[in-house]
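Note sheet for the following structure.
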Amino acid sequence: MITRLLRITLLVFAAASAAAHAQAPFPSHPIHVLVSIPPGGAPDISARLIAQYLGESFGWSVVVENRPGANGNIDSEQIAKAPPDGYTLVLHADSAITINPHVYGRLTFDPLKDLLPVSSVATNQFTLSVNPQLPVKTFPEFIEYARKTKPPLPYASGGNGSQHQLMMEMLKQRAGIELLHVPFRGAAPATQATVAGDTKVVFSGSASAGMIQSGQLRVLAASGNQRSKLYPDLPTIGEFYPGYAADIWLGLFAPVGTPEPIVITLRAAVQKLLARADFAEKLNVSGSLEPLILSPADFSKLIRDDNEKYGKIVKELGIKTD
């Protein structure tokens with residue numbers, strides 16, 4: 001009899017606890033945001049600013065965790081397997097979602113099916129930057145120098161399948177030059193390697209702003225459709241090779257199955273921050289990193305369109321990593 005009463009009591013307690021947890025306002029404990037690069041790159045800068053502003057504006061506790069490796073696949077796999085409760089998120093660059101499925105042949109997850117878009121966050125472009133010891137001061141001079149240099153100049157990237165790699169491989173194809181790919185675990189170490197002279201050229205972003213200003217890197221051209229606001233005199237690569245353009249985006253993702261009310265709460269809070277002028281000013285450390293506020297439908301369309309676009313580019317360039 002006592003055992004039966006004990007069981008009933010435990011069942012009632014468990015049911016009450018579950019009901020209380022279900023009714024608890026979101027968030028009721030810290031949110032963890034994974035970032036697949038070391039500190040200093042655009043995703044890291046964006047995640048930490050969002051964490052800071054969510055804490056200041058809403059009183060939320062947000063913890064940013066840097067877990068670099070495999071161009072974001074490690075974080076994507078963890079998110080795909082995480083409980084869909086809104087407490088484990090990832091802030092990814094577009095390559096992790098729209099390029100990796102075409103480059104990596106043995107993924108245990110599908111980022112297009114297992115990761116749920118919560119909100120677009122930012123857009124950015126890169127600058128083609130070289131070690132200042134290289135005897136070139138303009139983009140045409142670099143192309144001519146690279147064309148003549150044997151063995152090929154080594155270039156740094158943020159990893160196999162990263163935007164850095166695709167943009168450089170596209171440039172190699174358009175310009176008819178040879179460069180040696182040296183992948184790193186994120187943009188920050190790739191940039192540091194170019195500053196040190198271990199590699200000679202890199203598509204640099206937010207992690208390189210201070211190094212460019214201090215003369216540790218020399219910028220030659222911008223990767224986007226338009227000239228950089230920070231370097232208005234800097235030409236775009238598309239001015240020399242029409243049709244060449246590469247802008248990136250950053251987005252916040254949750255496990256598929258996360259309840260819609262939680263997704264709506266997260267999206268509303270993040271987009272409210274993105275619309276603030278002071279947030280945009282702090283975000284734009286590189287001169288081109290800007291808030292990207294899209295509706296859920298527009299963000300999903302961007303993901304689908306880029307997946308199709310990069311799938312074709314990867315196939316054309318023959319980039320594959322097992």
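It should be emphasised that the depicted structure is a prediction, and the values quoted were computed from it without experimental measurement.
Dense packing is recorded around CD of Glu141, with more than 12 heavy atoms of other residues, nucleotides or ligands lying under 6.0 Å away. Within 6.0 Å of CD on Glu260 lie more than 12 heavy atoms contributed by other residues, nucleotides or ligands. When the shell of 6.0 Å around CD of Glu56 is examined, it contains more than 12 heavy atoms from other residues, nucleotides or ligands.
At a threshold of 4.5 Å between non-hydrogen side-chain atoms, the residues Arg218 and Pro132 count as touching. Contact of the Leu128 side chain with the Val201 side chain is registered, since non-hydrogen atoms from C-beta on lie closer than 4.5 Å. Considering only heavy atoms from C-beta on, Met168 stays 4.5 Å or farther from Ser157 through its side chain. For the pair Ile237/Phe126, no side-chain contact is recorded, criterion being any heavy-atom separation below 4.5 Å from C-beta on. Side-chain contact between Asp198 and Phe184: absent, with no pair of heavy atoms (C-beta onward) separated by less than 4.5 Å. In this structure, the side chains of Leu112 and Asn307 come closer than 4.5 Å at one or more pairs of heavy atoms. Using a 4.5 Å heavy-atom cutoff, the side chains of Tyr310 and Gln163 are in contact. Proximity of Ile143 to Tyr241: side-chain heavy atoms (C-beta onward) are separated by under 4.5 Å at one or more points.
Contact between Leu220 and Val130 at its shortest, heavy atoms only, is CD1-CG1, 3.7 Å. The shortest non-hydrogen separation linking Ile303 to Thr98 is O-CG2, 3.6 Å. Here the closest non-hydrogen pair linking Ala122 and Leu289 is CB-CD1, 3.8 Å. Closest approach of Leu252 to Val121, counting heavy atoms only: N-CG2, 3.9 Å. Between Ala254 and Ile79, the closest heavy-atom pair is C-CG2, 3.8 Å. Taking each heavy atom of Ile45 and Gly40 in turn, the nearest pair found is CD1-O, 3.4 Å.
Distance alone, capped at 3.5 Å, is enough to place a donor-acceptor pair between the Arg267 side chain and the Val118 backbone. With hydrogens and angles ignored, the 3.5 Å screen pairs a side-chain donor or acceptor of Gln125 with a backbone N or O of Gln226. Between the side chain of Asn284 and the backbone N or O of Ala280 there is no donor-acceptor pair closer than 3.5 Å. The closest donor-acceptor contact from the side chain of Ser46 to the backbone of Pro43 lies at 3.5 Å or more, if one exists at all. In this structure a side-chain-to-backbone donor-acceptor pair under 3.5 Å is missing from Ser57 to Leu54. Looking at Arg174, its side chain does come within 3.5 Å of a backbone N or O of Pro242 through a donor-acceptor pair. Remark: side-chain polar atoms of Lys172 are paired, donor with acceptor, to backbone N or O of Leu179 under 3.5 angstrom. Without hydrogens or angle criteria, Asn100 side chain to Asn71 main chain gives a donor-acceptor distance under 3.5 Å. No donor-acceptor pair under 3.5 Å is formed between the side chain of Ser36 and the backbone N or O of Pro68. A donor-acceptor pair under 3.5 Å is formed between the side chain of Tyr244 and the backbone N or O of Met167.
One hydrophobic cluster holds both Val62 and Leu89 under the rule that ILVMFWY side chains link at heavy-atom gaps under 4.5 Å. Both Phe203 and Leu134 are members of a single hydrophobic cluster when ILVMFWY side chains are connected at heavy-atom separations under 4.5 Å. One hydrophobic cluster holds both Phe58 and Ile50 under the rule that ILVMFWY side chains link at heavy-atom gaps under 4.5 Å. Val35 and Phe279 are not part of a single hydrophobic cluster, where members link through side-chain heavy atoms under 4.5 Å apart. A continuous path of hydrophobic side-chain contacts links Leu91 to Ile248 [ILVMFWY only; heavy atoms under 4.5 Å].
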Exercise. Kindly indicate, with the supporting measurements, whether the criterion side chain to side chain contact (heavy atoms under 4.5 Å, CB included) is fulfilled by His102 and Lys312.
Key: CA-CA 9 Å; His102 306 288; Lys312 293 178 180 177; over 6 Å; no
Exercise. Apply the test side chain to side chain contact (heavy atoms under 4.5 Å, CB included) to residues Ser120 and Leu302: give CA-CA distance (whole Å), side-chain angles for both, the deciding distance (0.1 Å), then the verdict.
Key: CA-CA 10 Å; Ser120 56; Leu302 175 62; over 6 Å; no
Quiz item: Does the side chain to side chain contact (heavy atoms under 4.5 Å, CB included) test come out yes or no for Leu266 and Ile31, once each step is laid out?
Solution: CA-CA 10 Å; Leu266 287 166; Ile31 298 171; 4.1 Å; yes
Exercise. Starting from the C-alpha separation in whole Å, work towards a yes-or-no answer on side chain to side chain contact (heavy atoms under 4.5 Å, CB included) for Glu239 and Phe139.
Key: CA-CA 11 Å; Glu239 293 175 36; Phe139 179 73; over 6 Å; no
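For the residue pair Asn66 / Arg48, a side-chain donor-acceptor distance below 3.5 Å is found, with atom types taken as modelled. Between Thr108 and Glu77, the side chains place a donor N or O and an acceptor N or O closer than 3.5 Å (distance only, hydrogens not considered). Checked by atom type, the side-chain pair Glu169/Gln165 shows no donor-acceptor distance below 3.5 Å.
For an aromatic pair to be called close, the ring centres must be under 6.0 Å apart, and Phe26 with Tyr87 satisfies this.
Lys148 and Glu144 are joined by a salt bridge, as a carboxylate oxygen and a charged side-chain nitrogen come within less than 4.0 angstrom of each other.
With values rounded to the nearest 0.5 angstrom, Ile99 atom CD1 is found 6.0 Å from Asp94 atom CG. The distance from atom CG of Asp306 to atom CD1 of Ile97, rounded to the nearest 0.5 Å, is 11.0 Å. The OG atom of Ser28 sits 11.5 Å away from atom CH2 of Trp60, with the distance rounded to the nearest 0.5 Å. To the nearest 0.5 Å, the span separating CG on Leu274 from CG on Leu292 amounts to 8.5 Å. Distance check, rounded to the nearest 0.5 Å: CG of Leu171 to CG of Leu166 gives 12.5 Å. Atom OG of Ser76 sits about 8.5 Å away from atom CG of Leu107, to the nearest 0.5 Å.
The side-chain hydrogen bond (donor to acceptor under 3.5 Å, both in side chains) test with Ser204 is passed by exactly one of Thr127, Thr191, Thr194: Thr127.
Taking the six-membered ring where the residue is Trp, Phe299 and Trp249 present perpendicular rings, their angle passing 60° and hence far from 30°.
In this structure Lys301 satisfies the salt bridge (Lys or Arg N to Asp or Glu O under 4.0 Å) test together with Asp305, sequence neighbours excluded.
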